[in-house]
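Working notes for the structure below.
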Amino acid sequence: MSSSNLSSMIKINTPRDFNFEECLVFLDRSNQELLHRIKDGYLYKLIKVDQELILLKISYKIDALNVEFPLGDPSKNARKLAAEFIVDWFDLEQDLADFYEMALYDNILNQIASKYRGLRIIGIPDLFEALTWAILGQQINLKFAYTLKKRFVERFGEGLMFEGETYWLYPSFDRIAEIDIEHLRELQFTVRKAEYVIGVAKAMSKGELKKENLLKKQDYLPIHNYLTNMRGIGAWTADYVMMKCLHQRSAFPITDVGLHNAIKFQLGLEGKPTINEIKEMALNWTGWEAYAVFYLWRSLYD
DNA sequence: ATCCAGGAACTGT
DNA sequence: ACAGTTCATGGA
């Protein structure tokens with residue numbers, strides 16, 4: 001038997017209520033993004049599992065994601081971890097039937113839930129990336145947040161050239177744990193942002209902060225309390241990370257400005273709703289706050 | 001050019 | 001417990 005020149009492919013079956021196109025719209029929202037690339041209908045992303053660099057080339061066909069490996073065949077174990085990464089990234093283990101049921105009679109979600117049906121929370125499976133991306137985005141507009149991220153990744157991340165394009169890995173916490181505040185000041189981080197990012201990197205590098213330990217806590221409050229006890233992580237950041245990394249359906253970054261704008265637009269309000277008004281509106285969302293927020297964020301990109 | 005935005009920590013009451 | 005201030009920059 002001669003070996004094939006073609007890389008092997010894996011298939012990941014997708015659950016009902018999955019729409020790849022809708023997920024791509026969200027992934028394509030910034031032209032400054034450098035941690036994935038959409039080209040000719042394929043989604044590319046570089047990941048590292050078990051010390052192996054793997055370039056994922058993902059497409060969708062009939063109830064499954066097809067994943068190709070343009071750099072060549074990863075080991076069997078790496079392929080398994082890559083598949084787990086994708087399930088995590090697209091939140092494929094979630095059954096959304098109850099969310100859509102709830103949204104049917106919800107003033108705010110009614111239209112967008114059916115319009116974007118099949119959109120899943122596009123996560124940030126890497127805890128360090130989720131936390132520090134949230135910290136980067138604190139207090140500034142999204143465009144500048146992407147500028148900071150681009151500088152950060154290009155300066156401290158790992159890049160790989162393939163067919164004329166560079167694919168990037170987010171910087172590792174071990175690398176960031178050993179740099180100084182001035183190195184981030186050069187990239188126009190504020191002193192505070194730099195302190196927070198390096199602080200999180202050190203906590204993770206020492207093994208004090210681990211995704212698996214947070215997931216073990218299971219419930220909303222213990223996780224939220226643990227996160228907000230860390231310097232630089234307030235309620236908004238904790239909820240953002242619980243939503244994007246820890247699959248907490250009740251995570252609810254209620255002070256988020258994008259959320260406020262989206263609600264204002266959906267209801268045709270004159271001004272932004274107050275926090276108390278949002279609390280009132282969100283009573284109906286109990287258990288699905290994270291998906292409500294995500295769909296509202298998506299509505300900002302139409 | 002001037003002002004405002006806007007998460008989190010810090011400061012003061 | 002709660003209100004006001006500071007950070008430091010981009011964008012209106």
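Values below: every heavy atom of this structure, side chains too, minus hydrogens, waters and symmetry copies. Here is how names work: the chains are called A, B, and so on, in the same order as the sequence lines, proteins then strands, and each is numbered from 1.
Relative ring orientation between A:His224 and A:Tyr220 is described as parallel, the plane-to-plane angle staying below 30° on a 0-90° scale split at 30° and 60°. Classification of the A:Phe18-A:Tyr60 ring pair by plane angle, with boundaries at 30° and 60°, yields tilted. By the 30° and 60° cut-offs, the orientation of the rings of A:His183 relative to A:Phe156 is perpendicular. Note: A:Phe189 and A:Phe152 have tilted aromatic rings, judged against thresholds of 30 and 60 degrees for the angle between ring planes.
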**Request:** List the steps and the verdict of side chain to side chain contact (heavy atoms under 4.5 Å, CB included) for A:Leu56 and A:Leu43.
**Result:** CA-CA 8 Å; A:Leu56 305 171; A:Leu43 171 62; over 6 Å; no

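As a whole-Å value, the separation of A:His260 NE2 from B:dG6 P is 9 Å. Look at CD1 on A:Ile254: it is 13 Å from P on B:dG7, rounded to the nearest Å. Rounded to whole angstrom, the span from the CD1 atom of A:Ile135 across to the P atom of B:dA8 amounts to 9 Å. Per the geometry, CG belonging to A:Leu227 stands 11 Å off P belonging to B:dA8, to the nearest Å. For A:His224 and B:dG7, the NE2 to C1' distance is 13 Å, given to the nearest whole Å. Atom C1' of nucleotide B:dA9 and atom CE of A:Met230 are separated by 15 Å, given to the nearest angstrom. Between A:Leu142 atom CG and B:dA5 atom P there is a gap of 18 Å when expressed in whole angstrom units. Per the geometry, CZ belonging to A:Arg231 stands 9 Å off C1' belonging to B:dA8, to the nearest Å.
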**Request:** Produce a footprint string for nucleotides 3-9 of chain C: one letter per nucleotide, 5' end first; B if the base is under 4.0 Å from any protein heavy atom, S if only the sugar-phosphate is, - if neither.
**Result:** ---BBBS

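Counting any heavy atom pair closer than 4.0 Å across all strands shown, A:Ala134 reaches no nucleic acid atom. Contact annotation for A:Lys193: no contact, since no heavy-atom pair falls under 4.0 Å across all strands. At the heavy-atom level, A:Thr255 lies under 4.0 Å from the strands shown only through sugar-phosphate atoms.
Of the side-chain N and O atoms in A:Thr147, none sit less than 4.0 angstrom from OP1 or OP2 of C:dG10.
Look at the P atom in both B:dA9 and C:dG10: the space between them is 23 Å, to the nearest Å.
With the nearest nucleotide of DNA chain B identified for both A:Ile233 and A:Lys272, A:Lys272 has the one nearer the 5' end.
A cation-pi arrangement is absent between A:Arg298 and A:Tyr295, since the terminal nitrogen or guanidinium carbon is not both under 6.0 Å from the aromatic centre and inside a 45° cone about the axis.
A:Glu22 has no carboxylate O lying under 4.0 Å from a charged side-chain N of A:Arg117, or vice versa, which leaves the two without a salt bridge.
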